[in-house]
Amino acid sequence: MNRILGETYPDAHCELDYGNPLELLVATILSAQCTDKRVNMVTPVLFAKYQTAEDYAAADRAELEEIIRSTGFFRAKTTSIIGMAQAVCERYGGEVPGRLKDLVTLPGVGRKTANVVLGNAFGVPGITVDTHFQRLTRRFGWTTETDPVKIEHEVGSLIPKREWTVMSHRIIWHGRRICIARKPACGACPLADLCPAYGTGPTDPVAAAKLVRPGPFS
DNA sequence: ATCCCGAGGG
DNA sequence: CCCTCTGGAT
């Protein structure tokens, strides 16, 4: 399955638009419960107005909220961005830290967001367990866990570390294009012959994952 | 477990 | 109308 995913999505990459670690961090915070396409609609305006952590730390809440409103959760996201920026200024001299341990201490930055920034802006291999990754690896039978950290470790043990970041993107791309949450397109899936959850529909991925556990290299 | 919250698909 | 979208904090 791993090989087929690589052949199907040779160009899988982060689809958020950004030019530096701070921009990616902000874009990733905005991406919660929101499509990347919509995030990319607001970030040009946002990045034009705020360039540094100091800029965000001193931002006017109402102005920032208005810019990011369409991404949803805009009050919480504004609190996260301003709080994150203040912490970056106070504790890291205005530079986004390049270590997981530091990133997850920032307000509004959890493990998933931290791994996105590490993997894409710092070149540190990281597994990104988001809603897609969790749904697909469970459907594939690569894990039966529901805790994101356990999934990260279990799947990480099945995949070479140097492939962690690109593998995350391939799985996420597949989740967006074929193995869609609401309506999996099993008929169009290149993994159909190998997938334990083939044809089981959007519900009951748990039972499907328990049937067979072929692993990523079968 | 619940809240935050807008936009788009089916 | 109901669900989901590359989550995180309480």
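Convention: sequence-line order gives letters A, B, ...; per-chain numbering from 1. Keep in mind that the numbers below use all heavy atoms, side chains included, and drop hydrogens, waters and symmetry copies.
For the pair A:E15 and A:K37, the salt-bridge criterion is not met [side-chain N within less than 4.0 Å of a carboxylate O]. Salt bridge annotation for A:K150-A:E154: absent, with no cationic side-chain nitrogen under 4.0 angstrom from a carboxylate oxygen.
A donor-acceptor pair under 3.5 Å links the side-chain atoms of A:T165 to the main chain of A:G126, judged by distance alone.
When the nucleotides B:dC5, C:dG8, C:dT6 are ranked by their closest atom to the side chain of A:T131, C:dT6 comes out on top. Candidate nucleotides C:dG7, C:dT4, B:dC5 were compared by shortest atom distance to the side chain of A:A181, and C:dT4 ranks first.
In this structure A:R61 satisfies the side chain to side chain contact (heavy atoms under 4.5 Å, CB included) test together with A:E65, A:R75, A:T78, A:T79, A:I82, sequence neighbours excluded. A:D17 meets the side chain to side chain contact (heavy atoms under 4.5 Å, CB included) test with A:N40; sequence neighbours excluded.
Regarding A:L103, its CG atom lies at a distance of 15 Å from the C1' atom of C:dG8, rounded to whole Å. Per the geometry, CD belonging to A:Q134 stands 15 Å off C1' belonging to C:dC5, to the nearest Å. When rounded to the nearest whole Å, the span between CD1 of A:I81 and C1' of B:dC4 equals 14 Å. In this structure, A:I68 places its CD1 atom 20 Å from P of C:dC5, rounding to the nearest Å. Residue A:N115 contributes atom CG, which lies 14 Å from atom P of C:dG7 at whole-angstrom precision. Rounded to whole angstrom, the span from the NZ atom of A:K77 across to the P atom of C:dT6 amounts to 11 Å. One atom, NZ of A:K112, and another, C1' of C:dG7, lie 7 Å apart when rounded to the nearest Å. In this structure, A:D130 places its CG atom 10 Å from P of C:dG8, rounding to the nearest Å.
When heavy atoms are screened at a 4.0 angstrom cut-off, A:L106 is found touching the sugar-phosphate backbone but no base atom. Among the atoms of the strands shown, only primed sugar atoms or phosphate atoms (P, OP1, OP2) are found under 4.0 Å from some heavy atom of A:V109.
At a threshold of 4.5 Å between side-chain heavy atoms, the hydrophobic network of Ile, Leu, Val, Met, Phe, Trp and Tyr places A:F73 and A:L25 in two separate groups. A:M167 and A:V124 sit in two unconnected hydrophobic clusters of ILVMFWY residues. Membership requires side-chain heavy atoms under 4.5 Å apart, directly or through other members.
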For nucleotides 7-10 of chain B, tabulate all protein N/O to nucleotide N/O atom pairs closer than 3.5 Å, reporting atom names and distance.
unit_1 : atom_1 : unit_2 : atom_2 : d
B:dA7  : O3'    : A:R38  : NH2    : 3.1
B:dG8  : OP1    : A:R38  : NH2    : 2.9
B:dG9  : N2     : A:R182 : NH2    : 3.0

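Residue-environment remark: CD (A:Q51) exceeds the threshold of 12 foreign heavy atoms within 6.0 Å.
For the OP1/OP2 pair of C:dG8 and a distance below 4.0 Å, the side-chain nitrogens and oxygens of A:S80 include no atom meeting the criterion.
Under the stacking definition used here (centres under 5.5 Å, planes under 30°), the residue A:F73 fails to qualify as stacked on the base of C:dG8.
Using a 4.5 Å heavy-atom cutoff, the side chains of A:L191 and A:T8 are not in contact.
For the P atom pair drawn from B:dC5 and C:dT10, the interatomic distance equals 14 Å after rounding to whole Å. Between C:dT6 and B:dT2, the distance separating the two P atoms is 24 Å to the nearest Å.
Here A:W173 and A:H132 keep their ring centres 6.0 angstrom or further from each other.
Within a heavy-atom distance below 4.0 Å of DNA chain C, the residues of residues 170-180 of chain A found are A:I172, A:R176. Contacts of residues 26-33 of chain A with DNA chain C (heavy atom under 4.0 Å): A:S31, A:A32, A:Q33.
Looking at every heavy atom in both residues, A:P148 comes nearest to A:V129 through O-CG2, 3.6 Å. Scanning all heavy atoms of the two residues, the minimum distance from A:A114 to A:V109 falls at N-CG1, 4.0 Å. Taking every heavy atom of both residues into account, A:C89 and A:A57 meet most closely at SG-CB, 4.3 Å.
Every stem involving DNA chain C, taken as at least 3 paired positions in a row under the Watson-Crick or G-U wobble test at 3.5 Å, is listed here: B:1-4 with C:7-10, B:6-10 with C:1-5.
Between A:H174 and A:F140, the ring-plane angle classifies as tilted under the 30° and 60° cut-offs.
Side-chain polar atoms of A:R91 and A:T105 form a donor-acceptor pair below 3.5 angstrom.
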